[in-house]
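Notes follow the structure.
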Protein chains: 2
Amino acid sequence: METPSSALVLDRETKASERPGDHKDELRLWLRMLTCSTLIETEIRNRLREEFKTTLPRFDLMAQLDKTAVGMTVGEVSQRLMVSNGNVTAVVAGLVTDGLVDKRSAPQDRRVQILTLTAQGRKVFRAMAERHEDWIAELFAGLDQPAIAQLFRLLGETKTSLHRAIAGRAGEAAKGDA
Amino acid sequence: METPSSALVLDRETKASERPGDHKDELRLWLRMLTCSTLIETEIRNRLREEFKTTLPRFDLMAQLDKTAVGMTVGEVSQRLMVSNGNVTAVVAGLVTDGLVDKRSAPQDRRVQILTLTAQGRKVFRAMAERHEDWIAELFAGLDQPAIAQLFRLLGETKTSLHRAIAGRAGEAAKGDA
DNA sequence: AGAAATTATTTTAAGCCTGAAATGTTTTTG
DNA sequence: CAAAAACATTTCAGGCTTAAAATAATTTCT
């Protein structure tokens, strides 16, 4: 950002990372990211309700199923959406009732439930997805292409950092368990 | 889906913004941002439960109240947290029961409820906030200071873009209403 | 002043979401 | 082969969240 000269000025001019034990910058970054996510989520939620009388969890679930031709198990969906298994069970129940999703146990392993979009489900989803893509573009319209690319890249680094930190802690916990 | 020949090859080489009507980059950006937010939220939620036996909504609410000496109204909190009024009412109820938050109607306007942290609430929150700040720093540890600053700046631009897009649409809706 | 509009909050009904316990199924192991 | 372990999903209890309707208080307008 700027070019400071002496060591003390350096502390003043650079960000808090120079001050030991201070992590305000990371906190502010997180709060700003959360604000952005919440604004987008709320807006998409509103538009899905107004324009398609549906909810974001339903849309997200259908989006996963649309990505595959052969269907997906409950566990697979739950992992991809980063929600609990029980949650998937509940949301799927609604979609099955509405004839948008088909659920059947796998013939070779009856523990597993295979979820697929019905023909109608696929049709309905495709229509929503098209609008959804426009909405997202509209929301990000204030960023030019290089800014989008840059942001995408930095969020990639963030994701890596998060995975490392979370896995690290899980490892610690496991060590304690053993 | 097939390999195009002349003009379209250019499309392949340049970014999607060159293809009219294609907004895949924005969509991928949003999905990546959502992944990051969800990872952080889930991790913070887990740690708050394990270490302090509390929930993220409660923590967030207390964080707002900690920012003021004179207290905050229900509406003010709801706006800042970007959640519904009814939600604040419910979460506050729990915190009042636990003696962490105090709620009383404003003397000059009895419609308004003033929320403040109790002494205990402030003490409990401060302890959690300190840990929380460390956790966030830990999660972002893979980013160096310039990356954090850059990301913060880009998310600022994003926020501006979002506000403009959302306000714009609200304006349209209002026009229709009149 | 009194009616109407506005404002702040709460209530309600419905759906989302979680972690943990329970259920049913398959695989491993003694 | 049968018991035990592992696995996939569902159920359950509890809390969060929302939009919309209801309630309560204040302000505005005539």
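Residue numbers start from 1 in every chain, and the chains themselves are labelled A, B, ... in the order their sequence lines are given, proteins ahead of strands.
- Screening residues 30-40 of chain B for salt bridge (charged side-chain N to carboxylate O under 4.0 Å, His left out) gives no qualifying pairs among residues at least two apart or on separate chains.
- Here dT11(C) presents its C1' atom at 14 Å from CD of Gln113(B), a figure rounded to the nearest Å.
- Applying the ring-ring contact (aromatic ring centres under 6.0 Å, His included) test to every pair with at least one member in residues 32-52 of chain A, sequence neighbours left out, gives no pairs at all.
- Across all strands shown, Thr73(B) has heavy atoms under 4.0 Å from sugar-phosphate atoms exclusively, and none from any base.
- Ion pairing between Arg104(B) and Asp102(B) holds under the 4.0 Å rule for side-chain N and carboxylate O.
- As a whole-Å value, the separation of Leu61(A) CG from dG15(C) P is 16 Å.
- With sequence neighbours left out, Phe125(A) forms a ring pair (Phe, Tyr, Trp, His ring centres under 6.0 Å) with Phe59(A).
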Generate the contact string for nucleotides 14-26 of chain D. Rules: B means base contact, S means sugar-phosphate contact only, - means no protein heavy atom under 4.0 Å.
--SSBS-----BS

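- Looking at residues two or more places apart in sequence or on another chain, you find a salt bridge (charged side-chain N to carboxylate O under 4.0 Å, His left out) between Arg153(A) and Glu157(A).
- Put simply, Lys53(B) has no side-chain N or O that comes within less than 4.0 Å of OP1 or OP2 on dG19(C).
- The distance from atom CD1 of Ile44(B) to atom P of dC17(C) is 20 Å, rounded to the nearest whole Å.
- Sorted by first then second residue, the salt bridge (charged side-chain N to carboxylate O under 4.0 Å, His left out) pairs that include residues 87-97 of chain A, not counting sequence neighbours, number zero.
- One interatomic measurement links the two molecules: CD of Glu50(B) to C1' of dT18(C), which rounds to 14 Å at whole-angstrom precision.
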